[in-house]
Q: 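The structure that follows is given in the form of structure tokens.
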Number of protein chains: 2
Amino acid sequence: MTSTDAPGTTQTQQRRPTRQRRAVAAALAGFDDFRSAQEIHDLISRQGDSVGLATVYRTLSSLAEAGEVDMLRNEDGEAIWRSCSDTHHHHLVCRTCGATVEVEGPAVERWTNAIAAEHGYADLSHTLEIFGTCPTCR
Amino acid sequence: MTSTDAPGTTQTQQRRPTRQRRAVAAALAGFDDFRSAQEIHDLISRQGDSVGLATVYRTLSSLAEAGEVDMLRNEDGEAIWRSCSDTHHHHLVCRTCGATVEVEGPAVERWTNAIAAEHGYADLSHTLEIFGTCPTCR
DNA sequence: CGTGGGTTTGACAATGGTTCTCAACATCGC
DNA sequence: GCGATGTTGAGAACCATTGTCAAACCCACG
């Protein structure tokens with residue numbers, strides 16, 4: 001767990017630059033829509049690297065926790081991932097091809113906070129994803 | 001979907017009033033937060049009825065398709081269910097105890113439609129759920 | 001450089017939610 | 001009541017995800 005629990009240090013991450021983690025990062029750089037962990041794993045294999053599936057999961061999770069990738073769930077509840085910009089945002093995702101548009105909605109953020117406050121809920125998180133069929137896939 | 005349609009079309013609507021379906025409906029009437037299929041299954045057993053887990057899943061799915069229950073996914077990707085009012089709405093769900101507040105956001109609906117239209121996406125659906133810790137669980 | 005200790009990995013097992021299978025059974029229209 | 005057809009249940013099958021743990025690796029230090 002947290003080996004260095006010193007109050008001031010924000011060094012919760014032990015991130016060693018290994019071949020595997022570089023491979024995952026490289027794979028993430030190669031697409032801009034959302035992919036499942038297994039698809040990413042296949043992608044890595046196809047790029048010639050070999051990384052265990054468990055490691056792909058571990059790496060993706062820690063990257064997500066670090067805010068470097070977005071993880072969301074498709075309509076079947078499966079986790080899908082992609083690298084992301086660092087601001088909070090939501091997605092408009094094509095149900096067919098996965099094409100993704102990043103959208104921001106300050107109004108929505110404000111609205112969710114207001115609603116939650118109104119009911120006394122704390123420690124908030126929210127999900128807002130829009131699924132549809134993109135112009136190309138129609 | 002349409003309840004009565006052309007004679008030739010295959011009727012996918014088979015809804016027979018069975019003991020099992022009544023039991024699921026009764027269980028759904030017994031709580032107003034979101035529960036997993038397995039919790040609902042347990043609830044039914046505790047009420048004295050005996051319904052197979054697969055049947056619970058089947059019934060919940062078909063009720064969801066018919067718009068009589070809400071199904072959404074918690075942060076772990078598990079499906080959770082509850083009977084719902086018939087208007088479109090979203091939820092503020094307690095991460096700890098599952099207490100749920102139904103919220104409406106016309107502004108949000110308008111916003112998602114606008115965003116999607118702007119990018120040419122059609123056949124829309126969207127998810128917006130707020131998770132937090134309710135006043136009681138804090 | 002060589003060494004030692006903590007970190008990371010990978011093959012595989014284990015989990016757990018969900019769906020499938022299919023024979024036995026309940027309902028419905030007649 | 002009877003036969004056709006929808007429905008059920010027990011368990012197997014599925015499959016994404018996570019846990020296990022010994023071996024491989026990275027890094028700091030001597």
Side-chain angles (χ1 to χ4, degrees), chain A residues 1-6 9 11-27 34-45 47-66 69 71-82 98, chain B residues 1 3-4 7-27 34-45 47-66 69 71-82 98:
Chain A
M1 309 297 155
T2 43
S3 42
T4 45
D5 256 350
T9 34
Q11 287 293 70
T12 42
Q13 259 59 320
Q14 64 278 37
R15 168 123 338 115
R16 273 212 263 231
T18 65
R19 176 182 65 76
Q20 290 83 344
R21 303 220 244 243
R22 253 176 277 119
V24 172
F34 280 87
R35 304 285 178 92
S36 72
Q38 321 238 7
E39 287 172 327
I40 294 171
H41 178 250
D42 289 351
L43 218 58
I44 294 172
S45 309
Q47 288 179 350
D49 283 304
S50 168
V51 177
L53 184 54
T55 301
V56 172
Y57 273 105
R58 278 186 292 243
T59 305
L60 287 173
S61 303
S62 80
L63 285 175
E65 210 160 319
V69 307
M71 185 267 252
L72 63 90
R73 295 191 179 271
N74 66 16
E75 290 172 328
D76 292 333
E78 297 178 318
I80 49 180
W81 324 67
R82 77 163 205 171
Chain B
M1 297 275 182
S3 42
T4 47
T9 53
T10 314
Q11 282 293 83
T12 39
Q13 300 285 50
Q14 64 273 33
R15 168 118 342 107
R16 268 186 206 174
T18 65
R19 176 182 66 77
Q20 290 84 344
R21 288 180 191 168
R22 253 175 277 121
V24 172
F34 279 88
R35 304 287 178 89
S36 72
Q38 321 237 7
E39 287 172 328
I40 294 172
H41 178 249
D42 289 351
L43 216 60
I44 293 172
S45 309
Q47 289 180 349
D49 283 304
S50 167
V51 177
L53 184 55
T55 301
V56 172
Y57 273 105
R58 277 186 293 242
T59 305
L60 287 173
S61 303
S62 81
L63 284 175
E65 210 160 319
V69 306
M71 186 266 252
L72 63 91
R73 296 191 178 272
N74 66 17
E75 291 172 327
D76 293 333
E78 299 177 317
I80 49 180
W81 325 66
R82 78 163 202 170

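Here is how names work: the chains are called A, B, and so on, in the same order as the sequence lines, proteins then strands, and each is numbered from 1.
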Q: Does the side chain of B:Tyr57 get closer than 4.0 angstrom to OP1 or OP2 of C:dT19 through an N or O atom?
A: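 No, no such contact exists.
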Q: Using whole Å, report how far CH2 of B:Trp81 lies from C1' of C:dT18.
A: 10 Å
Q: Rounded to the nearest angstrom, tell me the gap between atom CG in A:Asn74 and atom P in C:dT18.
A: 14 Å
Q: Nearest of D:dG19, C:dT18, C:dG17 to any side-chain atom of B:Glu78?
A: C:dG17
Q: Please confirm whether the shortest side-chain N or O distance from B:Arg21 to OP1 or OP2 of D:dT8 is below 4.0 Å.
A: yes
Q: Is the distance from OP1 or OP2 of C:dG10 to the nearest side-chain N or O of A:Gln20 less than 4.0 Å?
A: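 For A:Gln20, the contact criterion (side-chain N or O under 4.0 Å from OP1 or OP2 of C:dG10) is met.
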Q: For a quick test of reading the model: is some side-chain N or O of B:Arg58 closer than 4.0 Å to OP1 or OP2 of D:dT7?
A: no
Q: Do B:Gln38 and B:Tyr57 have side chains that approach each other closer than 4.5 Å (heavy atoms only, starting at C-beta)?
A: yes
Q: Can you tell which of D:dT8, C:dT18, D:dT17 lies closest to the side chain of B:Leu53?
A: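 Comparing D:dT8, C:dT18, D:dT17 against the side chain of B:Leu53, the answer is C:dT18.
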Q: Could you give the CG-to-P distance, from A:Asp49 to C:dT8, as a whole number of Å?
A: 19 Å
Q: Closer than 3.5 angstrom, by distance alone: can the side chain of B:Asn74 be matched with the main-chain N or O of B:Asp76 as a donor-acceptor pair?
A: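 Yes, B:Asn74 side chain to B:Asp76 backbone: donor-acceptor pair under 3.5 Å.
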Q: Does any N or O in the side chain of B:His41 come within less than 3.5 Å of the main-chain N or O of B:Val51, such that one atom is a donor and the other an acceptor?
A: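 Checked: pair present.
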Q: Is the distance from OP1 or OP2 of C:dG17 to the nearest side-chain N or O of B:Gln38 less than 4.0 Å?
A: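 It does, given that an N or O in the side chain of B:Gln38 lies less than 4.0 Å from OP1 or OP2 of C:dG17.
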Q: Can you tell me the distance, in whole Å, between the CG atom of B:Leu60 and the P atom of D:dT7?
A: 15 Å
Q: Over how many whole Å does the gap from A:Ile40 atom CD1 to D:dT17 atom C1' extend?
A: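 Going from A:Ile40 (CD1) to D:dT17 (C1'), I get 14 Å.
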Q: Could you tell me the separation between the NE2 atom of B:His41 and the P atom of D:dG11, rounded to a whole number of Å?
A: 12 Å
Q: Pick base, sugar-phosphate or nothing for A:Ser36, based on heavy-atom distances below 4.0 Å to the nucleic acid.
A: nothing
Q: So B:Met71 and B:Leu60, side-chain contact (heavy atoms from CB on, under 4.5 Å) or not? Walk me through it.
A: CA-CA 9 Å; B:Met71 186 266 252; B:Leu60 287 173; over 6 Å; no
Q: Quick one: does B:Thr59's side chain get under 4.5 Å of B:Gln20's, heavy atoms only?
A: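 Side-chain contact under 4.5 Å: no.
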Q: Find the distance A:Glu39:CD to D:dC15:P and express it as a whole number of Å.
A: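 Rounding to the nearest Å, CD of A:Glu39 and P of D:dC15 are 15 Å apart.
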Q: How many angstroms lie between CZ in A:Arg35 and CZ in A:Arg82, if you round to the nearest 0.5 Å?
A: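 Here the interatomic distance stands at 11.0 Å.
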Q: To the nearest 0.5 Å, how far apart are CZ in B:Phe34 and CH2 in B:Trp81?
A: 11.0 Å
Q: Atom pairs under 3.5 Å, N or O on each side, protein against nucleotides 27-30 of chain C: can you list them with distances?
A:
from, atom 1, to, atom 2, distance (Å)
C:dT27, O4', B:Arg16, NH1, 3.3
C:dT27, O2, B:Arg16, NH1, 3.2

Q: Starting at atom CZ of A:Arg73, determine the distance to atom C1' of D:dC15, rounded to an integer number of angstrom.
A: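 These atoms are roughly 14 Å apart.
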